[in-house]
Structure formats: structure tokens, C-alpha cells
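Worksheet: the structure to be examined is printed underneath.
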2 protein chains.
Amino acid sequence: MASRSGAATIAEVAARAGVSPATVSRVMNGRFVGEPSVAERVRQAAADLDYSPNHLARSLALGETKAIAFLVPDLANPAFQAVLSSLSKTAAKDGYRVLVVDSGESTSDEPLLAAEARRRCDALVLCAPRMPEDELVEASVALSPVVVINRRSSRVSAPTLSVDYQSGIQGLARHLHGLGHRHLVFLEGPEGSVSNQARLRGLEEFERSAPDVRIDRIRGGAGSEDGLLATERVIATGATAALAFNDLVAVGLIGGLVEHGVVVPDDISVTGFDDIPFARYISPPLTTASVPHEELGVQAWQRMRSLVRHETPDHDLLFQPRLEPRRSSAPPR
Amino acid sequence: MASRSGAATIAEVAARAGVSPATVSRVMNGRFVGEPSVAERVRQAAADLDYSPNHLARSLALGETKAIAFLVPDLANPAFQAVLSSLSKTAAKDGYRVLVVDSGESTSDEPLLAAEARRRCDALVLCAPRMPEDELVEASVALSPVVVINRRSSRVSAPTLSVDYQSGIQGLARHLHGLGHRHLVFLEGPEGSVSNQARLRGLEEFERSAPDVRIDRIRGGAGSEDGLLATERVIATGATAALAFNDLVAVGLIGGLVEHGVVVPDDISVTGFDDIPFARYISPPLTTASVPHEELGVQAWQRMRSLVRHETPDHDLLFQPRLEPRRSSAPPR
DNA sequence: GCGGGGCGTGAAAGCGGTTTCTCGATTATG
DNA sequence: CATAATCGAGAAACCGCTTTCACGCCCCGC
């Protein structure tokens, strides 16, 4: 007698309880005000049939899915994983689930992926470090409600949560400078990455404040293999310290340096960015700029919750990375 | 003229193209066979209105959401993150998205969370290392289609993908034994964890094969803080080598040992389990049993795809961890 | 004793698609 | 030329739930 999908429907419950579907709906949603005996009959029937409302149908009628989408360039990156983990846990407290969408670093697909993801959910948390600003602006209004991570811009109407990469990288550079380094090399992130550009700006600013330093730049990427691949080019610069785009790159670079018999930090200091959970445990413990990814997830949901409730979200946030000096940086020889 | 949610509906497109909604639906789904000019008109109208079908309504009518749920005890664990990442990427190739549900290690909530997650999606990938077997069996049929990870059991009707923790831990124990260790300590995982029990069985088997070794056991957990917390108890055993429940625990333990001035591997060898991405980079590089988490994600989707297509899924898989000897293990003093 | 106001419940109209079934208009066939 | 076969497209039912609206009933007051 059960429907094809095996699950009981509201109509079946209604029939069994001898009431209308409307009444069942009201009872299930706590909007029932009539005879307690009727409510009890409904509850009993629902229990008998092991009924639980079809989420899809409910969402369609209600116009909300209680789910948000989370678009990231690469879910294999611990930094995004940390955000996702805390976002998911935080949103869950309000009954929301997270649908993950991994663009696989394919910037060109992101607008479509974002749109599709958004259509499936009530809202979208957008992590698209390389999406052209015009598209981002467009998406942030077309796909609203949206919360944008790491893309601060006055043109973006959505709430944004960002990390001050510009000042963060300066903190690292100053740290190295303070240790006595005068020749640095910056191992860049992906081309087109906005946060990479912020780091570059930060370094330019630093260069102006410290005319005695030289900073070389090397093209790279965002993963540890990019760090590994850049090893020889880093060595070739002759720099005494390397600023990696992020922790992942730093880890790859350190691995490459070890293979080449270059000792960190004795021969060359290395710094990362992010402070992923393992940064402190790697060998040598990585000097980095700590980014509160969990807090990013929490705050992202806070903004999102306001948006889906049609409230005014809190103001934008710009997180200041905290310099985390560890053993991968030391005075030059 | 747009509906309240701002998105165009099929009816609006139909009106604009001067056809019925049925025709629009057919055109949008490539089932249209009539006049090409009609199809073109529909396409034009859809483009003009920037129409895209409401995913919810479509899912309701079609009876499928093109989404699968992924239930894990803790999304902050790199091992689960790796599975999620590859599962998400693999499923995406077939147009499926993943909804994440983090039970927060709360075993008692898992049955409800699983049921709720399943109701929202077409299927469920279940990662519940501590769920009582009866509940698991129950869930695997009630929530079908389900793919179960790390819970091999003849009573579970769903396809399962598992890791042979029992033999994996033996490999580690043999490795330590081969190095000359005769007094080991096993830092256990969470109570009730099935994979912990498998490890215990493996160690018992190993003890029988090597009567000259002594293996102490210490209660613990699955996170690095559990490893850290167990430091003193580990030291107190006087063992020359510690087998940690997993890499996370090992990392925490090593951190704790360092704090106590105990040198790894000189004073005590430490091994992990999982081979999380950073195991090779930590200090010292961690000897561990390597588990192909990415492959788990890929295979999980392969099974899942068969299930949602009503095909027979491939046979169950039992992955053999690969011993990964690194510098955290060495001969005892 | 009768009209008006609650109150509890059901009928029905959505939500936005898909799909079956039907029907009128062509085209093929005897 | 009549009729069957075919084809294109629309009407309407349906997916399962929510919610407005209306209705019947009971109770109250005059």
C-alpha cells in the first residue's frame, strides 16, 4: 500500500487518521490548535506509518530548502576544508546543511557552477579567489543571498569576509627582515588570484619601507606540487629566505629543498601562509601567518543566517593574520 | 512580471513562446520532436527570460535530486576530508552533488541525521565508525541506496568499502618488531569504534605470532588532542614504541613527547595510521599504514552510481593498507 | 428563538516542473 | 476520394506538501 518510493505520504497518514492532509500538515508543523485527541490520532498514524514529510515537496511549497551551497576552488586544500568544517557545523545548529561544489580550480566554470549550486539551495557561500571581479559582482547580485569569502570589494553587494593578505605578508617580510634577511624570494600563487595580488601589493609596500631588501618573484600555484616544482628556481635566486604563497606551497618547497640537500632554516628560511593545522607539526615547524579559518566559517554562517532571515547582516570583516614565528625561519648564515 | 523569487517559471517561458509548458519542458530536456521552429522559439524565450528550471520542482516531479549525502563523524579529520574531496569530484562528473553532514562524533544522533540526510538526497554514503551494528544494518536497508565505508559486515546489505585495519596494524607491529622493539603500547581510538576493535584483534593476532612482545593498551580517541593527552600515560608504560590509533593521534602524541623532552624515534618510536597528506612532512616523518582515501571516494561513487541506476554494484572492497616506513620509527636504543 | 461570532476542520489552490493521454491536423494508403 | 496511420502539441493529472479560504457547527446574547 506504500507508494512506489516506499515512503508514506501525508495523504496516507491523513487517511489512516481519518483527517485531511491539511490537518496532518498542521500537526506535523506544530500549527495545530484544535482537539488534542485529533492531534494524537494524527501523531499515532504518522508513527504507525513511519511517516516523515518529503523534504523536496516541503521545500517546494515553502520556497526554502534549508541548505546552502559552498563553492570552493579545491576541496583538497586544508584551508577550505577548515572553513567548510566549521561552516557546516555552525549552519547545522540552525538546521541548515551544506552542499559542496568543487570547481576544480577551473575559474571559467565557476559562474555556471555557482548558478547551479545556488538554484539548489537557499543561498551561496562563494570562495572564488580567481574569478574576474566583474563576474563576481554580477554573481553576488544575481545569486543573492550570497556571502563572499576573500574577495573584498566595494562593488560587491554581498557581505564579505576577508583576510588581509596584504598586511599579513608584510608581517612575514618584516619578520624575515628583522632576522637579518635582505634577499627574499616570493613564490607566487596562481595567476589571477586576487589574494596573490594582495600579497604582491603588500610586498611592494614593504619594499618601499625597507629599501635595503631585494625581493624576487617566481610564478607558482596554490598546491604543494607547485612548491616542489619551484624548488630549483627558488635556489637559483640565491635568496636567503622564501615567502611561499601559502602553507601548502611552503610544505612542497621545503620537501624539494630537503631533496636538494638545502637545510631549512640554516641555508634558507621558508614561510607559509594560512597556518593549516599541520603547519606547526611539519619539519621544521612552519613560520606562517595564521588565518582563523574556523572563525571564517562561523562568521560566514552568521552573515548568511541574517540574509536568509531577511535581516541586515553584520558588517564586513577583514581578518588580520597573526604572525606565527616558528623554526622554519631563522637568521641567515 | 517575474515571480516573487525573481526567477522565471516554465509558464512564463511558455507564454512568451506561445506554446504550452509541456512543450517548453520537452525542449529543455531534449525530448522535443516537433517543428524545429517551435523549439527555436522556446529556446529564444528561455534565453530572453534567463530561464532555468527550478531544481526543486524538477526533482519532485522526477523523483530524484541528483544529490547524495555524506555522513561523517568529524569533517575536521583529514582522512574524511580526503574521501569527501574525491567523492565530490567523482560524483560531479555524473552531475551529482554532495551534501555533507557532520555528526560531530555524536553516535547517538547518527541514525536520525542519516535518515534526515537521506530524505534530502537520492542516496547516502555512510561513514559511521561507532554506530552499533544493529542500527547500521537497520539503516543500510531503511535508507537504501546506501554505501557504507569502513563497516564490513555480512549483515549489511549495502555495498561496503573497507580498510583492513586488522592486517594494517599487524604490518606496523611487525615493522616495529623487526626493528627490535619488544615492548609496544597501543594508543586506542574511541571506545566503540569498530576500526579500533579491528586494530585490537590485529594486535592480538600479532601477539600470538610473536610471543616475545608485550603490548600495553591505553584508552584514547581519534583526534590529535587525544594523542597529546595520552603522552604521560604512554611514557609511563616504558614501551619503546607506540602505535597510535591514527595519524592525528600520532601527531598529537609526538607533540606531547617533544614537550616532555622525549625524542622520537630515539627514545620512542611512534607510528600512525591513514597516511594523511601531511604524515610525510611532519617531524619526524611519520611511519604509518597508508590508506587510499581518494580511491575510497572514487570507489564509493562507483558503487553509488550503480545503485542509483538500479544496476548491480561492484563487489565489496577491502583495501590493504600499505606500510609506509618513515623516520618516526627506528630501532630501540 | 434566532442571528452573529468563534472555532475546528476540510477543500482546493498553489509551489514549478514532467508526462501521459488525447485530439486535431497532416500525410500515407487502398 | 475516403480512411487509416502518423505526427505535433496541448490539457490535465501528478509529484507531496503548505496554506488560504470557506464552511459547518456550536455557543452566546438579546
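In the text below, chain A, chain B and the rest are named by the order of the sequence lines, each starting its count at 1. Basis for what follows: all heavy atoms, side chains included, without hydrogens, waters or symmetry-related copies.
Ion pair A:E12/A:R16 not flagged as a salt bridge, since none of the NZ, NE, NH1 or NH2 atoms sits closer than 4.0 Å to an Asp/Glu carboxylate oxygen. Looking at B:E294 and B:K89, no side-chain N of the basic residue comes within less than 4.0 Å of a carboxylate O on the acidic one, giving no salt bridge.
When rounded to the nearest whole Å, the span between CG of B:N29 and P of C:dG17 equals 11 Å. Computed from coordinates, the A:R31 CZ to D:dT18 P distance equals 9 Å when rounded to whole Å. In this structure, the CE atom of A:M28 is 13 Å from the C1' atom of D:dT18, given to the nearest Å. As a whole-Å value, the separation of B:E35 CD from D:dG10 P is 12 Å. What separates CZ of B:F32 from C1' of C:dT18 is a distance of 16 Å, to the nearest Å.
Applying the side chain to side chain donor-acceptor pair (under 3.5 Å) criterion to A:R305, with sequence neighbours excluded, gives A:D94. Listed by chain and number, the residues in a side chain to side chain donor-acceptor pair (under 3.5 Å) with A:S140 amount to none (sequence neighbours excluded).
Within residues 15-26 of chain B, the residues that have a heavy atom under 4.0 Å from DNA chain D are, in order of number, B:G18, B:V19, B:S20, B:A22, B:T23, B:R26. Using a 4.0 Å cut-off on heavy atoms, the residues of residues 44-62 of chain B that approach DNA chain D are B:L60, B:A61, listed by number.
Neither side chain, B:R151 nor B:T160, offers a donor N or O lying under 3.5 Å from an acceptor on the other. For the residue pair B:Q81 / B:N77, no side-chain donor-acceptor distance below 3.5 Å is found, with atom types taken as modelled. In the model, A:R58 has a side-chain atom that pairs as donor or acceptor with a side-chain atom of A:N29 under 3.5 Å. Side-chain contact annotation: B:E64 with B:S59, donor-acceptor N/O pair under 3.5 Å absent.
Taking the screw axis at each terminus of the helix from C:dG1-D:dC30 to C:dG30-D:dC1 from five consecutive base pairs, the angle between the two is 60° to within rounding of 10 degrees.
The ring pair (Phe, Tyr, Trp, His ring centres under 6.0 Å) contacts involving residues 69-109 of chain A comprise A:Y96-A:W301, where partners must be two or more places apart or lie in separate chains.
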Begin with the C-alpha distance, continue with both residues' side-chain angles, and end with the deciding distance and a verdict on salt bridge (charged side-chain N to carboxylate O under 4.0 Å, His left out) for A:D316 and A:R303.
CA-CA 9 Å; A:D316 289 355; A:R303 306 285 179 294; 5.4 Å; no
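Other residues, nucleotides and ligands place no more than 12 heavy atoms under 6.0 Å from the CD atom of A:E191.
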